[in-house]
J.: 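Before we start, here is the structure in question, set down as structure tokens.
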Amino acid sequence: MKYNRIVLVAGVVLLFFVTSCSTHSEKTELKLAHGLPTDHPVHKAMMFMAQRCSELSDGQLTIEVYPAEQLGSEQQCVELVQIGSLAITKVSAAVMESFTDAYKVFGLPYIFKSKEHSFKIMDGEIGKDLLLSTEDKWIRGLTYYDAGSRSFYTIDKPIHTPDDLAGLKIRVMRSITAVEMIRALGGSATPISWGELYTALQSGVVDGAENNPPSLYTSRHYEVCKYYSLDEHTTIPDVLVVSKIIWDKLSEQEQKWLQQAADESAVLERKLWADSEKESLEEVQKAGVEVIYPDKEPFIEKVQPLLESYKDNEVIYSYIKRIQAVK
């Protein structure tokens with residue numbers, strides 16, 4: 001992918017004295033950076049991973065965590081991981097689409113039958129294949145973190161059926177699959193950066209957006225959007241990734257410690273996320289948001305042609321069929 005040369009040079013300079021992987025007295029320290037606040041379930045899971053890594057290795061392998069974009073945005077951090085200037089970061093699976101077509105499968109609507117089905121995929125052979133699919137881009141996936149399911153929230157028009165999306169401008173991530181999904185459901189997809197979305201909603205640039213309950217709550221978008229329709233059209237996980245350059249420098253034992261700590265942190269994160277979702281839904285309802293539980297079948301039927309449109313893409317369609325085959 002194309003790099004912002006200035007960002008990369010600045011990142012390398014910044015990390016000159018904050019080395020991603022330094023070994024002295026037979027001890028290795030890894031740097032982990034991400035853009036989330038310290039009260040986020042994913043940050044708490046990564047802090048647990050750092051603790052477990054130290055415990056498993058008896059202090060021989062440690063992780064220093066830098067939250068809240070201290071070392072750059074999500075995009076900048078993944079680029080630093082790719083060139084080996086940063087060891088570990090968290091990135092949305094949607095962002096990973098830019099590295100390999102395979103990750104687009106996570107952005108397809110209703111690709112998973114349920115939350116349990118999504119976990120079965122991520123914990124199994126398919127999930128592992130995807131984690132390793134970017135090694136040729138110098139990025140290795142360690143594990144997945146639950147980021148919930150995305151649903152529609154709107155300013156003044158409730159969404160009960162796909163027909164209710166007609167004529168509405170819906171904010172989406174800068175993802176091709178997200179744009180295609182909104183079009184398939186009958187809405188008008190409008191890519192806008194997350195930081196600009198509150199103002200865009202407030203000023204009427206868009207009529208709504210789509211995201212998980214904790215994001216609706218922590219962003220305070222519920223102050224503008226009073227309808228939340230839990231159609232749960234996509235389930236896009238976060239991916240914890242490590243620099244392949246740094247991974248290859250670790251000993252086999254260090255790799256085992258890091259992988260075990262990551263796997264254990266994913267188990268904890270799922271519990272933390274579930275608690276966060278429950279609390280977020282309760283809080284937005286207290287603030288006057290009407291939570292709607294629509295019949296999902298009309299939404300599922302509406303997007304079937306979108307899934308079939310990938311028949312000519314051998315990579316994505318093979319993953320679609322593999323996922324659908326898992327019971």
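Residue numbers run from 1 in the order of the sequence given.
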J.: Is a donor from one side chain sitting under 3.5 angstrom from an acceptor on the other, for E264 and Q260?
T.: yes
J.: Looking only at side chains, do E223 and Y198 share a donor and an acceptor under 3.5 Å apart?
T.: yes
J.: So, Q82 and S243: side-chain donor and acceptor under 3.5 Å apart, yes or no?
T.: no
J.: For Y217, does its backbone N or O pair with a side-chain atom of S280 as donor and acceptor, under 3.5 Å?
T.: no
J.: A side-chain contact here means heavy atoms from C-beta on lying under 4.5 Å apart; do T234 and Y110 qualify?
T.: no
J.: May I ask you to say whether D129 pairs ionically with R322, meaning some side-chain N is under 4.0 Å from a carboxylate O?
T.: yes
J.: Can you check side chain to side chain contact (heavy atoms under 4.5 Å, CB included) on E125 and K128, steps first, answer last?
T.: CA-CA 5 Å; E125 182 182 343; K128 185 175 181 180; 5.8 Å; no
J.: Could you go through the side-chain hydrogen bond (donor to acceptor under 3.5 Å, both in side chains) check for T28 and E254 one step at a time?
T.: CA-CA 9 Å; T28 301; E254 288 173 327; 2.7 Å; yes
J.: Can you tell me how far apart CG (L258) and CG (L142) are? Round to the nearest 0.5 Å.
T.: 5.0 Å
J.: Can you list the steps and then say if S92 with E74 is a side-chain hydrogen bond (donor to acceptor under 3.5 Å, both in side chains)?
T.: CA-CA 9 Å; S92 169; E74 181 173 77; 5.5 Å; no
J.: With respect to S85, which candidate in L80, I245, I246 satisfies the side-chain contact (heavy atoms from CB on, under 4.5 Å) definition?
T.: L80
J.: Please determine whether side chain to side chain contact (heavy atoms under 4.5 Å, CB included) holds for the pair M96 and V241, giving the CA-CA distance in whole Å, both sets of side-chain angles, and the decisive distance to 0.1 Å.
T.: CA-CA 10 Å; M96 295 299 286; V241 298; 4.3 Å; yes
J.: In sequence, state the C-alpha distance, the side-chain angles, and the governing distance for T235 and S149, and then conclude on side-chain hydrogen bond (donor to acceptor under 3.5 Å, both in side chains).
T.: CA-CA 4 Å; T235 302; S149 295; 2.8 Å; yes
J.: When you measure from the centre of the six-membered ring of F119, is the NZ or CZ of R270 under 6.0 Å away and within 45° of the axis?
T.: yes
J.: To the nearest 0.5 Å, tell me how far I292 CD1 sits from L230 CG.
T.: 8.5 Å
J.: Any chance the side chains of Y145 and S265 put a donor and an acceptor closer than 3.5 Å?
T.: yes
J.: Checking K113 side chain against Q324 main chain: does a donor-acceptor pair fall under 3.5 Å?
T.: yes
J.: Distance-only, no hydrogens or angles: does the S276 side chain make a donor-acceptor pair with backbone N or O of L272 under 3.5 Å?
T.: no
J.: Tell me whether K226 contacts the main-chain N or O of Y222 through its side chain, where contact means a donor paired with an acceptor under 3.5 Å.
T.: yes
J.: Give a yes-or-no answer on whether the side chains of Y293 and E232 include a donor-acceptor pair shorter than 3.5 Å.
T.: no
J.: Tell me whether the centres of the aromatic rings in H233 and F152 are closer together than 6.0 Å.
T.: yes
J.: Could you check whether K104 pairs with D101 (Lys NZ or Arg NE/NH1/NH2 to Asp/Glu carboxylate O, under 4.0 Å)?
T.: yes
J.: Side chain of H117, backbone of I323: donor and acceptor closer than 3.5 Å?
T.: yes
J.: Could you walk me through whether E308 and Q304 pass the side-chain hydrogen bond (donor to acceptor under 3.5 Å, both in side chains) test, one step at a time?
T.: CA-CA 6 Å; E308 291 304 310; Q304 283 310 301; over 6 Å; no
J.: Answer whether the closest heavy-atom distance between the side chains of K157 and D207 falls below 4.5 Å.
T.: no
J.: Testing H40, Q51, K90 for side-chain contact (heavy atoms from CB on, under 4.5 Å) with M46, which one passes?
T.: K90
J.: Kindly indicate, with the supporting measurements, whether the criterion ring pair (Phe, Tyr, Trp, His ring centres under 6.0 Å) is fulfilled by Y153 and H221.
T.: CA-CA 9 Å; Y153 51 87; H221 292 167; 5.8 Å; yes
J.: Run the side chain to side chain contact (heavy atoms under 4.5 Å, CB included) test on I111 and I121 for me, step by step, so that the C-alpha distance in whole Å, both residues' side-chain angles and the decisive distance to 0.1 Å come before the verdict.
T.: CA-CA 11 Å; I111 190 67; I121 297 300; over 6 Å; no
J.: Give the C-alpha distance, both sets of side-chain angles, the deciding distance and a yes or no for side chain to side chain contact (heavy atoms under 4.5 Å, CB included) between S175 and E97.
T.: CA-CA 8 Å; S175 160; E97 290 179 15; 3.3 Å; yes
J.: Please check this pair: side chain of E69 against backbone of L36, looking for a donor-acceptor N/O pair closer than 3.5 Å.
T.: no
J.: Parallel, tilted or perpendicular: which describes the rings of Y144 and F106, with under 30° parallel and over 60° perpendicular?
T.: perpendicular
J.: For residues F99 and V78, determine if any side-chain heavy atom of one lies less than 4.5 Å from a side-chain heavy atom of the other.
T.: yes
